[in-house]
Amino acid sequence: MNKKEVKLSPIKIVAVVLIGLALALFSFLAIVTIIDVFVMKEEIPYLYRNYTPYREFLVIGVCIAVFVLMLLFNIHIKRKWLSALVNIIVIIALCNPYTLILGLIGIPTTVNYYTIESEADFNQCADDMGTDFSKFPKYNDFDEQNVRFVGKVDAGFFFYQSITAIVKYDSLELCEADYKAYIDSHQFLTEPIIAYDGDYLIAAPEFYYEGIFFKVLTEGEDDYFPNQIYMIGMDRENSTLYYLYLDDHDLDLIAWSDAQDLEGEMGKHISDRYNLGK
């Protein structure tokens with residue numbers, strides 16, 4: 001007895017092809033990300049030293065699984081209306097412009113946290129970010145103080161990179177002395193920076209985030225807020241100073257004009273774009 005030949009209707013064939021193409025696109029983006037990052041791992045080791053493509057392989061696996069399930073669903077589901085409904089939902093979910101845009105700008109995600117482990121990495125990071133880190137502790141201070149440099153980078157469509165120098169002191173007195181010396185030798189904002197349309201480029205000149213008191217420096221490349229930001233933070237409880245720098249030329253604002261909690265908006269900014277090593 002011959003098995004009954006399974007045939008898909010033309011509509012189902014079109015649906016499966018569209019779903020397959022969308023899933024293939026996301027798989028392709030994941031593969032390109034893996035290749036690109038492994039190339040950058042050789043060229044910029046301090047950024048991608050610990051990179052492993054778990055997320056990318058997960059995306060590829062999910063795409064394959066979804067396609068197989070959809071193919072089986074279309075073959076075995078007898079109710080045509082149910083099969084058509086599921087196909088339509090999946091096609092809209094995968095092929096709508098918002099999903100495709102998200103895929104192009106960072107699916108799979110390209111955010112990476114990194115640690116600088118050598119003076120060569122430190123100098124290369126300074127070159128990559130176009131700054132001499134003159135407002136940071138020097139790398140060779142590692143032996144004199146408990147200093148480490150950590151960073152965060154998004155190498156997707158909207159690129160940004162930040163770096164944080166974390167200085168841990170043996171006593172609060174030493175921490176406060178260095179903090180005071182830094183405060184006395186640099187200029188800081190005294191009020192928010194507001195754009196012509198009322199949005200906040202810098203929502204608060206000083207604020208608390210996770211117990212750390214931050215102040216925003218006025219100094220940057222032509223005070224280019226919010227694309228370039230220098231900050232210093234002091235954690236009195238742990239006798240620690242944080243020196244932060246951000247380079248993000250796609251950042252238009254930190255808070256909308258109707259924001260109510262300006263310090264909270266600055267806290268979100270810290271959370272989104274900096275690595276505090278915690």
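Quantities reported herein were computed from a predicted structural model and do not represent experimental measurements.
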D128 and Y46: side chain to side chain contact (heavy atoms under 4.5 Å, CB included), yes or no, with the steps? CA-CA 11 Å; D128 292 339; Y46 78 89; 2.8 Å; yes
Give the intermediate values and the outcome of side chain to side chain contact (heavy atoms under 4.5 Å, CB included) for residues I229 and V216. CA-CA 7 Å; I229 305 173; V216 183; 4.0 Å; yes
Pair L251-Y160, side chain to side chain contact (heavy atoms under 4.5 Å, CB included): steps then yes or no: CA-CA 9 Å; L251 184 63; Y160 73 81; over 6 Å; no
Tell me, with the steps shown, if Q161 and C125 meet side chain to side chain contact (heavy atoms under 4.5 Å, CB included). CA-CA 10 Å; Q161 185 175 348; C125 182; 3.8 Å; yes
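By the 30° and 60° cut-offs, the orientation of the rings of F122 relative to F149 is perpendicular. Aromatic ring pairs are classed by plane angle as parallel below 30°, tilted from 30° to 60° and perpendicular above 60°; the pair Y224 and H249 is tilted.
Contact between I166 and L276 at its shortest, heavy atoms only, is CD1-O, 3.2 Å.
When the side chains of ILVMFWY residues are joined at heavy-atom separations under 4.5 Å, either directly or via intervening members, V59 and V32 end up in two distinct hydrophobic clusters.
At least one test fails for K152 against the ring of Y274: distance under 6.0 Å to the centre or angle within 45° of the axis. For the pair R236 and F213, the cation does not sit on the ring face, since its NZ or CZ is not both under 6.0 Å from the ring centre and inside 45° of the axis.
Residues Y230 and H186 keep their aromatic ring centres 6.0 Å or farther apart.
Using modelled atom types and a 3.5 Å distance limit, the side chains of Y169 and E176 yield no donor-acceptor pair.
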